[in-house]
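In what follows, every chain begins at residue 1, and chains take the letters A, B, ... in the order their sequences are listed.
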2 protein chains.
Amino acid sequence: MPRPSDNDCQMTRQILDRIGDKWSLYIIATLNDGSRRFNELKREIEGISQRMLTLSLRGLERDGLVTRTVFPTIPPRVDYALTPLGATLLEPVMALVRWAEKNKQPIAQARERFDEAANAAPEPGEGVVYRRR
Amino acid sequence: MPRPSDNDCQMTRQILDRIGDKWSLYIIATLNDGSRRFNELKREIEGISQRMLTLSLRGLERDGLVTRTVFPTIPPRVDYALTPLGATLLEPVMALVRWAEKNKQPIAQARERFDEAANAAPEPGEGVVYRRR
DNA sequence: CAGGATCCTTTCAGATACTG
DNA sequence: CAGTATCTGAAAGGATCCTG
């Protein structure tokens, strides 16, 4: 894998930043079922604020992953849809999601063990000392 | 893909957050070549601060992706290495990286087009008006 | 309906100083 | 060497109000 200093790596880094952000993946996954209007997305993606939906969609549009189609009617109507490029992103992403789902058990267990050890680690010869306050 | 509201999705979300953060992927990629000491990682991962390296390693250790081995010598020595689980993460991640590298050209072009359009869009009947200040 | 503009709080992350 | 602790500026993100 390229290093952060590599010029070649900047674009990769930026793409990972986008798909790694809090909402873009959900938008892409939702649009994979077909195009949506702004408020449809807002309703289907629970917890997203209007602001973040707008910003995320702008980012995806800027990267050519999503199209934005305005119908100059009253009231206005705006449809968002995946571009062919955006659609191809879903495959490698889903591979990662499958990995996460497949391994969430051992990860959750590792966390429990780690957190227990951190909270209950006795300092040798000093009695019990609780770390992290 | 599960929705953010699904309980089932929380772990997946958290895993994506981890691999999506700024440094974890570089750490994993570096450790894939073999175990490293703290300062070796710091030297090899250009631009990372001591603080962020510590925090990222703690997170990876907590999730069971990385092991931390302390040698109680003077000066102290600490080795970090991938767990078997951590090693399996690299494959789906690399699929994503390959996608990014393969498609960085069209994405960069889409950005140029988008940014130009945003900066030069003339308001109809109003002469040229520059958006974003 | 689909946002743009603002305000305001929370979180992140770099720099620095100190320690076993 | 391998960290921890603290401070601080920057950035992310939510809530709210306003508009064509």
Starting at atom [atom1] of [X], determine the distance to atom [atom2] of [N], rounded to an integer number of angstrom.
{"X": "D17(B)", "N": "dT11(C)", "atom1": "CG", "atom2": "P", "answer": "14 Å"}
{"X": "L53(B)", "N": "dG3(D)", "atom1": "CG", "atom2": "P", "answer": "8 Å"}
{"X": "R58(B)", "N": "dA2(D)", "atom1": "CZ", "atom2": "P", "answer": "12 Å"}
{"X": "D79(A)", "N": "dA2(C)", "atom1": "CG", "atom2": "P", "answer": "8 Å"}
{"X": "L55(A)", "N": "dG13(D)", "atom1": "CG", "atom2": "C1'", "answer": "9 Å"}
{"X": "R68(B)", "N": "dT4(D)", "atom1": "CZ", "atom2": "C1'", "answer": "12 Å"}
{"X": "F71(A)", "N": "dG3(C)", "atom1": "CZ", "atom2": "P", "answer": "12 Å"}
{"X": "M52(A)", "N": "dT9(C)", "atom1": "CE", "atom2": "C1'", "answer": "15 Å"}

Problem set entry | Residues D79(A) and R36(A) bridged, charged N to O under 4.0 Å |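 Judged by the 4.0 Å cut-off on N to carboxylate O distance, D79(A) and R36(A) do not form a salt bridge.
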
Exercise. Is any NZ, NE, NH1 or NH2 atom of the basic residue among R111(B) and D115(B) found under 4.0 Å from an Asp or Glu carboxylate oxygen of the other?
Worked result: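 Salt bridge between R111(B) and D115(B), a charged N being under 4.0 Å from a carboxylate O: no.
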
Exercise. Using a cut-off of 4.0 Å on non-hydrogen atoms, how would the nucleic acid contact of Y80(A) be classed: base, sugar-phosphate, or nothing?
Worked result: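 Sugar-phosphate, backbone atoms only, no base.
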
Problem set entry | Comparing R51(A) and R77(A) on DNA chain C - which has the more 5′ nearest nucleotide |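 With R51(A) and R77(A) compared, the 5'-side residue is R77(A).
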
Exercise. If each of K22(A) and Q50(A) is mapped to the nucleotide of DNA chain D with the nearest heavy atom, which maps nearer the 5' terminus, i.e. the 5' end?
Worked result: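 The residue closer to the strand's 5' end, by nearest nucleotide, is K22(A).
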
Exercise. Does OP1 or OP2 of dG14(C) have a side-chain N or O of S49(B) closer than 4.0 Å?
Worked result: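 Affirmative; the distance criterion is met.
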
Exercise. Between R77(A) and F71(A), is NZ or CZ placed under 6.0 angstrom from the six-membered ring centre and within 45° of the ring axis?
Worked result: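 Yes, cation above the ring, under 6.0 Å and within 45°.
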
Problem set entry | Spacing of CG belonging to L57(B) relative to CZ belonging to F38(B), to within rounding of 0.5 Å |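 If I round to the nearest 0.5 Å, the distance is 6.5 Å.
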
